[in-house]
Amino acid sequence: MFLDHSPSWKPDLSAEFEQPYMQDLKQFLRDEKDKHKIIYPHSSNWFHALEATPLEQIKVVILGQDPYHQPNQAHGLCFSVLPGIKPPPSLVNIYKELHADLQINPVKHGYLENWAKQGVLLLNAVLTVEASKANSHQGKGWEQFTDKVVATINERCQYVVFMLWGSYAQKKGSVIDQKRHLVLKAPHPSPLSAHRGFFGNRPFSTANKYLEQHEKTAIDWQLPENINP
């Protein structure tokens with residue numbers, strides 16, 4: 001189980017794996033595999049967001065909806081794709097806002113592992129998807145599990161910046177105590193909605209200013225040009 005490699009999450013999340021909803025989710029995923037359906041990301045990466053960013057290191061949370069559903073894209077971090085894959089449109093828009101906000105030039109890849117290692121939890125609400133079928137694993141139990149993750153951060157951490165892009169993320173983040181954390185809301189960076197207020201909302205500089213005000217190290221949002229997964 002991933003919790004064996006992520007001890008910081010274990011006290012709060014281990015009981016979730018015994019809950020009926022999680023047993024039902026496990027059975028659903030087994031049944032899908034028995035039907036020879038392709039599921040993304042690979043099972044070794046289902047919990048990668050939590051493995052890459054331990055609870056005590058979290059500074060920023062970015063909430064996504066569900067994984068990319070084309071080959072070699074998803075690896076367990078929202079908005080991120082594996083090396084060698086062209087950055088998807090939403091990530092291109094995130095890079096545009098990053099440049100406008102902090103004058104950081106976009107890299108050619110879409111691999112966000114460097115952010116995760118600095119304390120940026122890149123969490124999708126749903127952690128699996130069937131190949132070529134967006135949102136196909138919604139309503140199967142993942143949302144309850146990731147609600148618990150969000151609640152754990154809200155309760156156990158202090159001075160975390162939550163970037164909630166789009167109505168789905170904002171609804172999921174409604175439990176966050178805004179006296180203890182900073183909540184930044186904006187439209188989703190998708191090409192369909194980015195021009196409605198995602199561009200110009202300056203989340204990266206705002207996050208760093210807040211972190212520094214609370215004696216935390218700012219995030220270096222500049223991704224390395226050369227990557228070693």
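With contacts defined as side-chain heavy-atom distances shorter than 4.5 Å, the pair Q19/F145 does not qualify. Counting only heavy atoms from C-beta outward, the side chains of P41 and H48 never approach each other to under 4.5 Å. K108 has its side chain within reach of E225: a pair of non-hydrogen atoms, C-beta onward, lies under 4.5 Å apart. For the pair W115/D220, no side-chain contact is recorded, criterion being any heavy-atom separation below 4.5 Å from C-beta on. A heavy-atom distance below 4.5 Å is not found between the side chains of I227 and E113. Side-chain contact between L182 and V160: absent, with no pair of heavy atoms (C-beta onward) separated by less than 4.5 Å. Annotation: side chain of V150 is not in contact with side chain of V61 (no heavy-atom distance under 4.5 Å). Residues L123 and C78 form no side-chain contact, since every pair of their non-hydrogen atoms from C-beta on lies 4.5 Å or further apart.
Defined by atom type and a distance below 3.5 Å, a donor-acceptor pair is missing between the side-chain atoms of H137 and E143. With no hydrogens or angles considered, no side-chain donor-acceptor pair links E212 and N208 at under 3.5 Å. Counted by atom type alone, Y21 and E16 present one or more donor-acceptor pairs between their side chains at under 3.5 Å. Side-chain contact annotation: W46 with T128, donor-acceptor N/O pair under 3.5 Å absent.
Applying the side-chain hydrogen bond (donor to acceptor under 3.5 Å, both in side chains) rule to R30 yields the partners Q27; only residues at least two apart in sequence or on another chain are considered. In this view, N135 and Q138 satisfy the side-chain hydrogen bond (donor to acceptor under 3.5 Å, both in side chains) rule, not counting sequence neighbours. For D147, the salt bridge (Lys or Arg N to Asp or Glu O under 4.0 Å) criterion is met by K172, not counting sequence neighbours.
Taking the six-membered ring for Trp and thresholds of 30 and 60 degrees, Y210 and H214 have ring planes inclined between 30 and 60 degrees apart. Ring geometry, W165 versus F198: the interplanar angle exceeds 60°, so the pair is classed perpendicular (tilted spans 30 to 60°). The aromatic rings of F79 and H188 are tilted relative to each other, their planes meeting at an angle between 30° and 60°.
The backbone N or O of A169 sits nowhere less than 3.5 Å from a side-chain atom of Q65 that would complete a donor-acceptor pair. The closest donor-acceptor contact from the side chain of T53 to the backbone of L122 lies at 3.5 Å or more, if one exists at all. Proximity of a side-chain donor or acceptor of S193 to a complementary backbone N or O of P187 within less than 3.5 Å is not detected. When atom types are taken as modelled, the side chain of N93 and the backbone of A194 share no donor-acceptor pair closer than 3.5 angstrom. Q170 contributes a side-chain N or O that, together with a main-chain N or O of L164, makes up a donor-acceptor pair within less than 3.5 Å. Between the side chain of S80 and the main chain of L77, no donor-acceptor pair closer than 3.5 Å is present. Side chain of H109 to main chain of L82: no donor-acceptor pair is present (N/O by atom type, distance under 3.5 Å, no hydrogens or angles). Although no hydrogens or angles enter the test, the distance criterion places a donor-acceptor pair under 3.5 Å between the side chain of S174 and the main chain of K171. Here the side chain of R202 pairs a donor or acceptor atom with the backbone of D101 at under 3.5 angstrom. With N154 contributing its side chain and I176 its backbone, the two residues share no donor-acceptor pair below 3.5 Å.
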**OP:** Under the side chain to side chain donor-acceptor pair (under 3.5 Å) rule, what do N114 and Q118 come out as? Steps first, then yes or no, please.
**Re:** CA-CA 7 Å; N114 184 262; Q118 293 184 71; 3.0 Å; yes

Original post:
Given the rule in the side chain to side chain contact (heavy atoms under 4.5 Å, CB included) test, do E56 and I58 qualify, once you have shown the distances and angles that lead to the verdict?
Top reply: CA-CA 6 Å; E56 71 276 4; I58 291 175; over 6 Å; no

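Separation of the H181 and F162 ring centroids falls under the 6.0 Å cut-off. Aromatic pair H75/Y40: centroids not less than 6.0 angstrom apart.
When all heavy atoms of A186 and G197 are compared, the closest pair comes out as CB-O, 4.3 Å. The two atoms that bring Q23 and E18 nearest to each other are NE2-CA, 3.9 Å, heavy atoms only.
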